[in-house]
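Here the structure is laid out as structure tokens; the discussion comes afterwards.
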Amino acid sequence: MENRIFDLDMDIIALKFGISGELVSFDKYGNGNINGTFIVEYENNGSTEKYILQKINTEVFKNPFELMKNIVGVTGHIRQYYAGKGIDSSRRTLEFLKCDNGDYCFIDESGSCWRMYKYIDKAHTYDTIDNADLFREAGRAFGEFQNILSTYDVSTLYDTIPDFHNTAKRFEAFKQAVNENAAGRLQSVKNEVDFVLAREDDTYVLTDLIAEDKLPLRVTHNDTKINNILFDEKTNEGICVIDLDTVMTGLSLYDFGDCIRSGANKTAEDDPNTDNVGIDLELYEAFVSGYLSSAGEALTDTEKSYLPFSAKLLTFECGMRFLTDYLNGDTYFRIAYPEHNLDRCRNQFKLVEDMENNMDKMKAITNKYC
Ligand code: ADP
Ligand code: GN1
Ligand code: MG
């Protein structure tokens, strides 16, 4: 077996992270859009240990050492929380390996940044979900994650991507991409551009509420895509929230909204057939009930009242980001084919429209649980 991933010699990885044993296998893993993820297996005295090896995308995350400090702090806090309750935390939060440099990541000779953590066995992620019980669990688990971190000192967290969910600034970046038309694609996306421009007012709603001190800043995950939660294979419990790179100060609404965006769509976020796209109200209800069962008590009335809007806004924001990236020539999100970002954008905008048409129903469902 050729022991290399990109330019990285896997023997060096083992040394760096203090892993003893023989490398048995490694392979690409998961469907993330940002980092490079690999599953790696070592054998030691007859037993095998699996790890996730990740190449951190340092174009997106400019300071991986600060990012890892956030993650190590947050996972330590979660570990302590479960220990205090007498619950085994080994499958409930990520456990990163320390490098020989004393940090939790290192830069290789070609400038790539790597980290390694324990693989959580007998658990799944889902890119799409059509089972209300599972989605209720996702809501409960993301709500619990937020609750556990409500006692974490916000001031110690670095902003790994400043203004990540500042939709107003995302709108500015979108307009800049339109003006620059770097990839020469503007003509082909006139309808999508008009779709965004018609919704400019939405982009200021949450930023205005923050400026008026009407929404509390919390420690939030900020990337609560449905495939960022591990479900136990046997019990279907949402056991572990993963992909912690964007854990920063944020709004509860970002986490609620983004999981609805990614999980309550009737199809995958990049399904090119927009006839398949729509908000599944049964899934929406399941998530609301799960999320409010664990996070609800801490939420203010204003937060609760903006939950349905946040689902629409986070979907709109994501669609606008896909469109911006398409206009810029696909420099941010990983794509599998040239029109991938455009398909994603059209899919998200169709979902926004469907949420607009169903907003009264979404509000009524939410109110049932508030
Ligand atoms: P990205 O930032 O690229 O989305 P993730 O951290 O979400 O990367 O990891 C990609 C995928 O790898 C996840 O969706 C999940 O399927 C899998 N994965 C990540 N961490 C673990 C883990 N500790 N145990 C098992 N699977 C994992
Ligand atoms: C990215 O890394 P991943 O695939 O979990 C992105 C999210 C988007 C999502 C859309 C750091 O998430 O913000 O909502 O793609 N993460 C980052 O699929 O930009
Ligand atoms: Mg992910």
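Below, all heavy atoms of this structure are taken into account, side chains as well, without hydrogens, waters or symmetry copies. Keep in mind that this is a model prediction, so the values were computed, not measured.
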*From CG (N328) to CG (N181), nearest 0.5 Å*: 9.5 Å
*Can you list every ring pair (Phe, Tyr, Trp, His ring centres under 6.0 Å) pair that touches residues 224-245, not counting sequence neighbours?*
Y126-F231
*Give a yes or no on whether E212 atom CD has more than 12 heavy-atom contacts from other residues, nucleotides or ligands under 6.0 Å away.*
yes
_Partner residues of Y204 under the ring pair (Phe, Tyr, Trp, His ring centres under 6.0 Å) criterion, sequence neighbours left out_ = none
_Pair E269, S262 - check side chain to side chain donor-acceptor pair (under 3.5 Å), show working._
CA-CA 6 Å; E269 70 176 24; S262 61; 6.0 Å; no
*asked:* For a side chain to side chain donor-acceptor pair (under 3.5 Å) check, start with the C-alpha distance between T151 and H77, then their side-chain angles and the critical distance, and finish with the verdict.
replied: CA-CA 9 Å; T151 50; H77 184 84; 3.0 Å; yes
*What residue pairs, at least two apart or across chains, pass ring pair (Phe, Tyr, Trp, His ring centres under 6.0 Å) with a residue in residues 156-176?*
H165-Y254
_Is there a path of hydrophobic side-chain contacts, each under 4.5 Å between heavy atoms of I/L/V/M/F/W/Y residues, joining V247 to L230?_
yes
*In chain order, what residues pass the salt bridge (Lys or Arg N to Asp or Glu O under 4.0 Å) check against R346, with sequence neighbours excluded?*
E192
_Cluster check I13, M68: I/L/V/M/F/W/Y, side chain < 4.5 angstrom_ = no
*Report yes if the side chains of F349 and N191 come closer than 4.5 Å at any heavy-atom pair, otherwise no.*
no
*Which residues satisfy the salt bridge (Lys or Arg N to Asp or Glu O under 4.0 Å) test with D100, sequence neighbours excluded?*
K16
*asked:* Whether E237 and R91 form a salt bridge (side-chain N of Lys/Arg under 4.0 Å from carboxylate O of Asp/Glu) is what I want to check.
replied: no
*With sequence neighbours excluded, tell me which residues meet ring pair (Phe, Tyr, Trp, His ring centres under 6.0 Å) with Y306.*
none
*Under the salt bridge (Lys or Arg N to Asp or Glu O under 4.0 Å) rule, collect the residues that match up with D330, sequence neighbours excluded.*
R185
_If hydrophobic residues (ILVMFWY) are linked whenever their side-chain heavy atoms come closer than 4.5 Å, directly or via other members, who joins I12 in its cluster?_
none
_Nearest heavy atoms of C99 and F17, plus distance in Å_ = SG-CE2, 3.3 Å
*Is it true that the side chains of D245 and N35 contain a donor and an acceptor less than 3.5 Å apart?*
yes
*Measure the spacing between CZ of F106 and CG of N101 and express it to the nearest 0.5 Å.*
8.5 Å
*Check whether the side chains of R136 and S289 place a donor and an acceptor atom closer than 3.5 Å, and report yes or no.*
yes
_Distance-only donor-acceptor check, side chains E285 and Y369, under 3.5 Å_ = yes
*asked:* Distance check, rounded to the nearest 0.5 Å: T48 atom OG1 versus E22 atom CD?
replied: 13.0 Å
*Shared-cluster residues of F65, by chain and number - hydrophobic side chains joined below 4.5 Å*: I107
*Determine, using the 4.5 Å side-chain heavy-atom cutoff (strictly less than), whether Y119 and Y42 are members of one ILVMFWY cluster.*
no
*Is there a path from V178 to V189 through hydrophobic residues (I, L, V, M, F, W, Y) whose side chains come within less than 4.5 Å of each other?*
yes
*Is D325 paired with R344 through a side-chain N to carboxylate O contact shorter than 4.0 Å?*
no
*Measuring from T224:OG1 to F142:CZ, what's the distance to the nearest 0.5 Å?*
5.0 Å
*Drop me the distance from S90's OG to E95's CD, to the nearest 0.5 angstrom.*
8.0 Å
*asked:* Is the shortest side-chain heavy-atom distance between L244 and T75 below 4.5 Å?
replied: yes
*Please determine, by modelled atom types, if T37 and Q54 share a side-chain donor-acceptor pair under 3.5 angstrom.*
yes
*To the nearest 0.5 Å, how far apart are CD in E353 and CD1 in I279?*
14.0 Å
*Looking at side-chain heavy atoms only, is the closest gap between D258 and N222 below 4.5 Å?*
no
*Would K312 and D202 satisfy salt bridge (Lys or Arg N to Asp or Glu O under 4.0 Å), going step by step from the backbone distance to the final call?*
CA-CA 9 Å; K312 174 192 148 177; D202 283 342; 2.8 Å; yes
*Any chance the rings of Y104 and F96 have centres within less than 6.0 Å?*
no
*With the threshold set at 4.0 Å, does a side-chain nitrogen-carboxylate oxygen contact exist between E172 and K169?*
no
*Can you list every ring pair (Phe, Tyr, Trp, His ring centres under 6.0 Å) pair that touches residues 258-297, not counting sequence neighbours?*
F135-F287, F256-F287, F256-Y291
*May I ask you to test the L67-T246 pair for a side-chain heavy-atom distance under 4.5 Å?*
no
*Using a 4.5 Å cut-off on heavy atoms from C-beta on, say whether the side chain of F26 contacts that of L53.*
no
*Got a sec, which pairs hit salt bridge (charged side-chain N to carboxylate O under 4.0 Å, His left out) with one end in residues 141-160, sequence neighbours left out?*
R140-E144
*Do you know which two heavy atoms are closest between T203 and E200, and how far apart they sit?*
OG1-O, 2.6 Å
*Can you check whether R92's main-chain N or O pairs, donor with acceptor, with S89's side chain at less than 3.5 Å?*
no
*Kindly write out the residues that satisfy salt bridge (Lys or Arg N to Asp or Glu O under 4.0 Å) with E317, not counting sequence neighbours, or none if the list is empty.*
none
_4.5 Å side-chain heavy-atom contact, L251 and I210_ = yes
_N265/T267 under side chain to side chain donor-acceptor pair (under 3.5 Å): CA gap, chis, key distance, verdict_ = CA-CA 5 Å; N265 192 347; T267 188; 5.9 Å; no
*Measure the shortest side-chain to side-chain distance between Y152 and L157 over non-hydrogen atoms and say whether it is less than 4.5 angstrom.*
yes
*Would you kindly confirm whether L97 and I120 end up in one hydrophobic cluster when ILVMFWY residues are joined by side chain heavy atoms under 4.5 Å apart?*
no
*asked:* I'd like to check I161 versus F61 (side-chain heavy atoms, cut-off strictly below 4.5 Å). Are they in contact?
replied: yes
*Do N347 and D271 pass the side chain to side chain donor-acceptor pair (under 3.5 Å) test, and can you show the C-alpha distance, the side-chain angles, and the key distance before you say yes or no?*
CA-CA 7 Å; N347 177 309; D271 186 339; 5.6 Å; no
